[in-house]
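Report on one structure; see the data block that follows.
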Amino acid sequence: MKSTIAAPTSQLRNFLPPFSSAAPSFSFWGKTIKPSFPSTSSLKTTSFRPVPLRVAANSQSAAATAGTTKVAAVPSEMKAWLYGEYGGVDVLKFDEKVAVPEVKEDQVLIKVIAAALNPVDAKRRQGKFKATDSPLPTVPGYDVAGVVVKVGSQVKELKEGDEVYGNINEKALEGPKQFGSFAEYTAVEEKLLALKPKNIDFVQAAGLPLAIETAYEGLERTGFSEGKSILVLNGAGGVGSLVIQLAKHVFGASKVAATASTGKLEFLKSLGADLAIDYTKENFEDLPEKFDVVYDAIGQCDRAVKAVKEGGSVVALTGAVSPPGFRFVVTSNGEVLKKLNPYLDSGKVKPVVDPKGPFPFSQVAEAFAYIETNHATGKVVIHPIP
């Protein structure tokens, strides 16, 4: 029997507080980066009981590194963010009485510790693929990191107390789950999950699944391999920052070039880029050097095809596609995460959490508004979740 979401009550809150006017700096591999952020003073503000903000995404806690966690009793209702109609950020509502999703035979129930936003979350809320979406109302959220609190009868490896992470929707645009990760609990197929690497915390883990799976699958589809060169457009973004690292440290690229704004060039180099291109000052397609692969994570395929070698490949994640460019929709796969876990545990590949966050659970609407500016560095993460 399908679970249903309880009807919103008078307790619903639509919270959208203002951003801080000061742009925070953050450290990555010994380099200090201070991105600039747009003003959002025009956003509507209402009062809300504050939730403690986790200041350092890179800090380790005993619970985050133990590998298993003591499991508490599962309630019948949970706190969650949801929307009952498609539209802007204002359709998001907070509800304290949402039914905890039932667990199918091949699923586990996860107590969500942290969740992350992706551009697809905003597009889904806007109704961009409502023809293939699950029924409304919807609890959004693809990425999750948390603790297994219940297992289905056909689950083979995971057990209660396991610390896991993953992208909960096998097909991003085809029937994504009605109960997403912006809630206290979410139910997920075992095959979509992996054990959380011990050397990263829940905040870092939550920001990885969809982005790192997209980065990896795109590289695989181009036939990328050791000795090849690549140009990454939007190298400081959630997917781009991982494409740079995977290409360099996993696939063995001979040269990695990437684009970003002026303030993020050193950040690109810290990720492993050999050439950091300031897109505000030069056109990458005018460079004399061409690349075996161009990974377009921003939507500039018409320009990207001018920077690829003859016979090369262009991956286009968004926007119009020009030959020889191609687009794909990522498939969630826990085996990919398991394959990449050793690189995460060793530090060869590092999660990148936007310095604006993590955003507390009370600020999911604010986090949505922020990711839709397209100025995030790395991933926008929600934590703590009650």
Side-chain angles (χ1 to χ4, degrees), residues 16-41 43 50-61 64 113-119 121-122 143 145 199-212 215 232 234-245 258-273 276 278-280 297-298 344 347 349-385:
L16 198 57
F19 290 111
S20 167
S21 59
S25 61
F26 68 104
S27 177
F28 188 89
W29 286 3
K31 298 182 183 295
T32 300
I33 313 297
K34 190 172 184 180
S36 58
F37 302 100
S39 170
T40 56
S41 58
L43 295 176
V51 177
L53 174 66
R54 181 171 183 168
V55 177
N58 293 331
S59 63
Q60 295 287 345
S61 65
I113 306 298
L117 271 167
N118 293 279
D121 288 296
D143 286 333
N199 287 337
I200 64 175
D201 61 25
F202 283 108
V203 170
Q204 295 169 309
L208 284 168
L210 191 149
I212 203 167
V232 184
N234 191 24
V239 173
S241 60
L242 289 164
V243 173
I244 292 172
Q245 295 185 77
T259 65
S261 58
T262 309
K264 298 179 181 180
L265 299 182
E266 289 302 315
F267 172 62
L268 296 184
K269 294 176 183 177
S270 74
L271 296 174
D278 187 343
Y279 69 76
T280 69
I298 195 65
L344 293 161
V349 175
K350 294 180 178 291
V352 182
V353 177
D354 186 274
K356 192 71 180 178
F359 289 76
F361 195 52
S362 60
Q363 296 182 9
V364 165
E366 181 187 20
F368 261 98
Y370 177 52
I371 198 172
E372 289 174 55
T373 67
N374 295 321
H375 288 286
T377 299
K379 291 302 296 291
V380 176
V381 178
I382 309 297
H383 173 84
I385 294 177

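- Looking only at side-chain heavy atoms (C-beta outward), Q204 and L344 stay at 4.5 Å or farther from each other.
- Of the possible donor and acceptor atoms, none in the side chain of Q363 sits under 3.5 Å from a partner among the backbone N and O of P360.
- Residues satisfying the side-chain hydrogen bond (donor to acceptor under 3.5 Å, both in side chains) test with N234, not counting sequence neighbours, are none.
- In this structure, OG in S270 is found 12.5 Å from NZ in K264, a value given to the nearest 0.5 Å.
- The closest donor-acceptor contact from the side chain of D354 to the backbone of T377 lies under 3.5 Å.
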Requested in this report: Take L242 and V239 through the test side chain to side chain contact (heavy atoms under 4.5 Å, CB included) and record every step on the way to the result.
Outcome: CA-CA 5 Å; L242 289 164; V239 173; 6.0 Å; no

Might you work through the side chain to side chain contact (heavy atoms under 4.5 Å, CB included) test for V353 and V203, ending with a clear yes or no? CA-CA 8 Å; V353 177; V203 170; 4.1 Å; yes

Does D143 form a side chain to side chain contact (heavy atoms under 4.5 Å, CB included) with N118? I'd like the steps, not just the answer.
CA-CA 8 Å; D143 286 333; N118 293 279; 2.9 Å; yes

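- Remark: D278 pairs with T262, T280 by the side-chain hydrogen bond (donor to acceptor under 3.5 Å, both in side chains) rule, at least two apart or across chains.
- If you take CD on E372 and CG on D121, they are separated by 9.5 Å, rounding to the nearest 0.5 Å.
- Rounding to the nearest 0.5 angstrom, the gap separating the CD1 atom in I244 from the NZ atom in K269 is 12.0 Å.
- Distance check: I371 CD1 to F359 CZ gives 9.5 Å after rounding to the nearest 0.5 Å.
- Rounded to the nearest 0.5 angstrom, Y370 OH and H375 NE2 are separated by 9.0 Å.
- The shortest side-chain heavy-atom distance between I382 and V364 falls under the 4.5 Å cut-off.
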